[in-house]
Amino acid sequence: MLHDELLESIGLHQLLPSSLASWRPLLADGMTFFLGHLPAHRQEEILAHQLALPARADAPIRLATLLVQCPTLHKLGQVLARNRQLPEEIRHQLQKLESMPPTTPMESVLTRLHDELSDDPPVDVAQDALAEGSVAVIVPFTYRENGQVRDGVFKVLKPGIEEKFDDEIAVWGALGTFLEERGRNLGLPALDYRHTLDSVRELLTNEIHLRVEQHNMRAARAFYAHDPRILVPRLLPWCTPRVTAMERIFGVKVTDARLSRLRRADLASTLVSSLVGQPFWSVAQSAMFHADLHAGNLFATDDGRLAVLDWSLTLRLSKADRGLLVSIILGGLTLDGERICKAVAALGTIAADDPILEHAVERALDRVAFQGRFPGFDWVLDFLDELALETATGFREDFVLFRKTWFSLSDVIGDMVGAYSPDIPLLMAGLTRFIAELPERLFARPESTCYSTHLSNADMLQASASACLIPGRYWARCWQGLVPREFSPE
């Protein structure tokens, strides 16, 4: 029903940069498979919206229109909206998906709200919605508290959204098998699509389970209670499985805020140091991160704070995994490929002595030694992405989400302040924690990793000893650059 000419008009190939041109046929085939396995009435609806567009509508507009019709693809569009590798016209259209004007009939939204709030809560509900996202409509209301009129919003699941999600999640289950077979036919590296898409499918399901989001919001509000820069909306008493009631936030998206350059830079630093740095550099055995940091969920409030919305998608990184990431950075700083291989093997399913891993580490260290690339989080995650495209290396679900979160946040910051390295505020926060814990380290066991920087005194001594070898490793790398690696001495 959704013929090839229509899919071609959407311009899917523009979503992948020229460096990944060999993957474009797989993307197009995957989209064809996904849409073709939706129920017939969904395909008819998608086709009708495409035909309703002006005949001269360009590919970015057609793409955005398609993504709006599929909540799981809508979420994907939000993730890609700030990706600076995409053409500007596509990013402009995708950014409209971050927070859209309401289009769902208000009568159906109010009916659902009335059905959910059957006890007649003491609130005055507005007759018009504020905005609409991938799965919910935002409806404002007022209520009285301590004798004062206060503002709140209801986040109401769209009528029929559960059924749409069920349709799409079922297709995602079969898509992984299709991509693996089609990838082999195209001669692409054998990646573990099934495991990856199964993980994504489970995480996306949380989007329509509002009780999960409500639990996450309570935890996040408690975690950031002592940070005056961060505002997590307060939940209000009228929450249900299909409705979240919370205080209303007055402000604008951080990318739209009219702020001085200095204030924008300060806000960018807060984004990194608070939303990534605080949970990363904590002693918690399991640290929670917001996993959907697109601009529509990040507001500069009227009173100068950073409001963080929509906590339906979160990830948790164990203290051990955070320590492994720090170990990879130390390996980059000291040009210690063996340390990096061991840490990556512990994070995923690849062996430390796998030649694919060893070669990927060598290329990553070359970028440090010869191109001046700083071995921070950007470098680590770029290297792991490169590795993931070469072999079916499996990483834990939350770690995959952490990579996505870091890149999404980096793209948002890029739109706010231009060239800016999120590594700086994150590593500075880590250095501050390290200095603060020095007195405690004087009396600790050498192997203890109870610190917020995740490294034991033994790890630090080993890194110090390894640093003495940096000149020799650099010159060995120069020698290997003169001799082809496959003929270099072991």
Side-chain angles (χ1 to χ4, degrees), residues 64-65 67-69 71 74-75 77-78 81-82 93-117 121-145 148-162 164 207-208 210 213-214 216-217 220-221 230-258 290 292-313 412:
T65 302
L67 299 186
V68 168
Q69 298 304 115
H74 188 154
K75 179 57 63 180
Q78 291 175 335
R82 303 283 166 176
Q93 291 299 326
L94 294 182
Q95 286 163 18
K96 296 178 181 179
L97 302 177
E98 292 173 341
S99 181
M100 304 184 306
T103 58
T104 301
M106 194 61 185
E107 181 180 354
S108 64
V109 176
L110 291 175
T111 297
R112 164 157 280 194
L113 190 56
H114 180 269
D115 291 342
E116 289 292 311
L117 307 178
V123 300
D124 185 9
V125 181
Q127 297 302 303
D128 296 308
L130 279 178
E132 186 168 318
S134 56
V135 302
V137 181
I138 306 301
V139 181
F141 67 91
T142 57
Y143 66 103
R144 297 190 71 84
E145 183 179 64
Q148 295 184 344
V149 176
R150 301 190 183 276
D151 293 286
V153 294
F154 289 118
K155 177 180 179 179
V156 187
L157 287 183
K158 298 178 187 178
I161 196 68
E162 293 101 329
K164 283 189 174 183
E207 283 280 307
I208 58 172
L210 295 190
E213 180 187 21
Q214 293 157 19
N216 292 338
M217 287 180 69
R221 187 172 173 83
I230 302 296
L231 172 60
V232 178
R234 176 170 64 100
L235 289 177
L236 299 175
W238 309 290
C239 294
T240 77
R242 292 186 175 87
V243 174
T244 295
M246 68 188 101
E247 66 175 307
R248 182 173 177 179
I249 302 301
F250 292 91
V252 297
K253 290 194 298 186
V254 292
T255 49
D256 296 340
R258 295 184 176 181
H290 195 298
D292 196 15
L293 294 178
H294 64 75
N297 291 335
L298 301 168
F299 269 48
T301 68
D302 293 349
D303 61 2
R305 289 182 287 175
L306 171 66
V308 188
L309 313 177
D310 192 351
W311 287 83
S312 54
L313 283 180
V412 169

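The model shown is predicted, which means the values in this text are computed figures rather than measured ones. One-based numbering along the sequence shown.
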**Asked** Do you know which two heavy atoms are closest between E207 and S134, and how far apart they sit?
**Response** OE1-OG, 3.7 Å
**Asked** Counting only N and O atoms by type, is there a donor-acceptor contact under 3.5 Å from the side chain of N216 to the main-chain atoms of W311?
**Response** yes
**Message:** For W238 and F141, take the angle between the two ring planes, folded into 0 to 90°, and tell me which bin it lands in: parallel under 30, tilted 30 to 60, perpendicular over 60.
**Reply:** perpendicular
**Request:** Identify the two heavy atoms, one from A295 and one from T255, that lie closest to each other, and give their separation to 0.1 Å.
**Result:** CB-OG1, 3.7 Å
**Message:** Does D128 have more than 12 heavy atoms from other residues, nucleotides or ligands lying within 6.0 Å of its CG?
**Reply:** no
**Message:** For H290 versus V308, what's the shortest heavy-atom pair and its separation?
**Reply:** CD2-CG1, 3.5 Å
**Item:** Of V139, I249, I138, the residue whose pairing with V153 passes side chain to side chain contact (heavy atoms under 4.5 Å, CB included)
**Value:** I138
**Message:** Please check: side-chain N/O of D310 versus main-chain N/O of S312, any donor-acceptor pairing under 3.5 Å?
**Reply:** yes
**Prompt:** Would you say K158's side chain and G133's backbone share a donor-acceptor pair under 3.5 angstrom?
**Reply:** yes
**Message:** Any side-chain to backbone donor/acceptor pair from E116 onto T240? Under 3.5 Å, distance only.
**Reply:** no
**Request:** First locate atom CD of E213, then atom CG of L309, and finally report the distance between them rounded to the nearest 0.5 Å.
**Result:** 9.0 Å
**Message:** Whether the side chain of Q214 engages the backbone of V243 through a donor-acceptor N/O pair (distance < 3.5 Å, no angle test) should be reported.
**Reply:** yes
**Request:** Mind listing the closest non-hydrogen atom pair of D256 and V252 along with its distance?
**Result:** C-CG2, 4.3 Å
**Message:** Consider side chain to side chain contact (heavy atoms under 4.5 Å, CB included). Of E247, R221, K155, R248, which one does P233 pass it with?
**Reply:** E247
